[in-house]
There are 2 protein chains.
Amino acid sequence: MSNKYESIQLKNQICFPLYAASNMITRKYKPFLDELDLTYTQYIAMMVLWEKVQANEKLLCEALCLKSNTVTPLLKKLQDKGYIEKKKDKGDERNLVITLTKAGKELRDKALRVPECMAKEVHITAEEAEVLYRILYKIIDDERMIPYD
Amino acid sequence: MSNKYESIQLKNQICFPLYAASNMITRKYKPFLDELDLTYTQYIAMMVLWEKVQANEKLLCEALCLKSNTVTPLLKKLQDKGYIEKKKDKGDERNLVITLTKAGKELRDKALRVPECMAKEVHITAEEAEVLYRILYKIIDDERMIPYD
DNA sequence: ACATATTATATCGCGTGCGATATAGTATTA
DNA sequence: TAATACTATATCGCACGCGATATAATATGT
């Protein structure tokens, strides 16, 4: 049974279920997020903005573990939808001060529905969710604060 | 401390670490997969083909939890790179029989290096990997064999 | 047999995600 | 203060990943 190629069998990868589950969850969000006129990535960006009230692009990149080449067009779309505004920081003109519009702030209450709906879609126990959460953050945090390079 | 909006704080989502960790892992694979001239998605597709030897597009879609609109162009790229060949099935002309070329078969041995390199990149214990694996597959399998609709 | 349904694959348009690179503004340092 | 380094944001091109839809081949039902 044991063979040379076991290590590159799909069923022996940890990366694949991570990838597949992530795709699946994003797909499940879609119908609920459609009602807010948000994509999944736009939704998690709005989460950060709802909490911070004011932010810049760098903060968003770090919070979402994304690069500027993903976040720049994302912010453009949120602006086009009328949820955010971008201004240059008076103190440091490189900085992009991002603020929520009235519509952007109002969206927060509508969004409260989303986690309720999603809870019914993903069938894992509270304990499993906690364990999952802890291990995933171990992977993320390990990478986030890379000291070398 | 407890507020109305806790449920839509980024730190309280299970979807986000899943999404971020998946992105990160894919990013970590890149330098190793570059040596095989494969992207991450092409890599997991090749894993299936190395095992099955012969397959069709539908089988790949199911194995990778992807839709034909992702897999069709993927296969075109693998064909352009000379790793696979596509022919119509004589018995059922709708079927696309996918076979590995010589180069595609040879790539398998080069790929053995990849999991070794990746093991050094992701710092979780064997137990954590096992738990993660089990929970993620619970999410995936729950979705895969959806009976209604 | 023939209209209808089903199946496998393909196409279209959009929004990511990324590495690489460019640009503009600020800080540093000689 | 003038060259240099650094920082925040933006641009480019490529490869997904998706819902919606199209097309061609096979299966089904009357």
Side-chain angles (χ1 to χ4, degrees), chain A residues 16 19-34 37-46 55-81 84 86-98 143 149, chain B residues 16 19-34 37-46 55-81 84 86-98 143 149:
Chain A
F16 170 66
Y19 162 89
S22 176
N23 286 344
M24 272 184 180
I25 299 286
T26 302
R27 223 180 295 147
K28 290 210 176 201
Y29 267 102
K30 189 172 188 311
F32 308 119
L33 295 180
D34 279 349
D37 190 23
L38 290 176
T39 64
Y40 176 73
T41 316
Q42 289 164 14
Y43 174 60
I44 57 174
M46 288 302 288
N56 62 7
E57 191 175 307
K58 183 175 158 53
L59 183 148
L60 265 175
C61 289
E62 276 162 8
L64 305 179
C65 306
L66 292 170
K67 309 285 143 85
S68 75
N69 47 11
T70 301
V71 174
T72 298
L74 193 75
L75 291 175
K76 203 166 283 167
K77 301 229 172 64
L78 287 174
Q79 189 178 32
D80 292 347
K81 290 180 181 181
I84 65 164
K86 300 187 292 182
K87 307 185 255 265
K88 287 204 170 176
D89 186 337
K90 282 291 170 193
D92 185 339
E93 297 249 324
R94 289 169 303 182
N95 248 296
L96 203 64
V97 179
I98 303 159
E143 183 64 16
D149 116 78
Chain B
F16 171 66
Y19 161 87
S22 176
N23 286 344
M24 274 185 177
I25 300 287
T26 303
R27 222 181 295 147
K28 290 211 178 201
Y29 266 102
K30 189 172 190 311
F32 308 119
L33 295 180
D34 278 350
D37 190 23
L38 291 176
T39 64
Y40 177 73
T41 316
Q42 289 164 15
Y43 174 60
I44 57 175
M46 288 302 289
N56 62 5
E57 190 174 310
K58 183 175 157 57
L59 183 148
L60 265 175
C61 289
E62 276 162 8
L64 305 178
C65 306
L66 293 169
K67 308 286 143 90
S68 75
N69 47 10
T70 300
V71 173
T72 297
L74 195 73
L75 291 175
K76 204 166 284 168
K77 296 215 178 73
L78 287 174
Q79 189 178 31
D80 292 346
K81 290 180 182 182
I84 66 163
K86 300 186 293 182
K87 308 186 255 268
K88 287 205 169 174
D89 186 337
K90 282 291 169 195
D92 185 339
E93 298 249 325
R94 288 169 303 181
N95 249 297
L96 202 63
V97 179
I98 302 159
E143 182 65 14
D149 117 77

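No hydrogens, no waters, no symmetry mates; every other heavy atom, side chains included, goes into these values. Chain letters run A, B, ... following the sequence lines, proteins first, then strands; residues in each count from 1.
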Could you write out each protein N or O paired with an N or O of nucleotides 18-21 of chain C at a distance under 3.5 Å?
unit_1	atom_1	unit_2	atom_2	d
C:dC18	OP1	B:R27	NE	2.6
C:dC18	OP1	B:R27	NH2	2.6
C:dC18	N4	A:N69	O	3.4
C:dG19	N7	A:N69	ND2	2.5
C:dG19	O6	A:N69	ND2	2.2
C:dA20	N6	A:N69	ND2	3.3

Checking contacts here: which listed nucleotide (D:dA25, D:dT11, C:dA10) is nearest the side-chain heavy atoms of A:K76? D:dT11
Counting only side-chain heavy atoms from C-beta out, which of D:dA15, C:dT16, D:dT9 sits nearest to A:E57? D:dT9
Taking atom [atom2] of [N] as reference, at what distance in whole Å does atom [atom1] of [X] sit?
X     : N      : atom1 : atom2 : value
B:N56 : C:dA10 : CG    : C1'   : 15 Å
B:L33 : D:dC14 : CG    : P     : 20 Å
B:I44 : D:dC16 : CD1   : P     : 10 Å
B:K90 : D:dA25 : NZ    : C1'   : 14 Å
A:I25 : D:dG17 : CD1   : C1'   : 16 Å
A:D37 : C:dC14 : CG    : P     : 14 Å
A:K28 : D:dC18 : NZ    : P     : 13 Å
B:E93 : C:dA8  : CD    : P     : 15 Å

With a non-hydrogen cut-off below 4.0 angstrom, is A:T41 in contact with a base, only sugar-phosphate, or nothing? sugar-phosphate
What is the nucleic acid contact for A:Y29, judged by heavy atoms within less than 4.0 Å: base, sugar-phosphate only, or nothing? nothing
Would a 4.5 Å heavy-atom cut-off, applied to side chains only, mark [X] and [Y] as touching?
X     : Y     : result
B:L60 : B:L74 : no
A:I98 : A:L78 : no
B:M46 : B:I84 : yes
B:L66 : B:T41 : yes

Is it the case that the base of C:dT9 and the side chain of B:R94 share a donor-acceptor contact (distance under 3.5 Å, atom types as modelled)? no
Along DNA chain D (nearest heavy atom to each residue), the more 5'-positioned of A:N95 and A:Y19: A:N95
Over 60° means perpendicular and under 30° means parallel, so tell me whether B:Y19 and A:Y40 are parallel, tilted or perpendicular. perpendicular
Should A:T39 be listed as having a side-chain N or O under 4.0 Å from OP1 or OP2 of C:dT16? yes
Criterion salt bridge (Lys or Arg N to Asp or Glu O under 4.0 Å) on A:R27 and B:E143, from CA distance to verdict: CA-CA 11 Å; A:R27 223 180 295 147; B:E143 182 65 14; 5.3 Å; no
Got a salt bridge between A:D34 and A:K30, using NZ or NE/NH1/NH2 to carboxylate O under 4.0 Å? yes
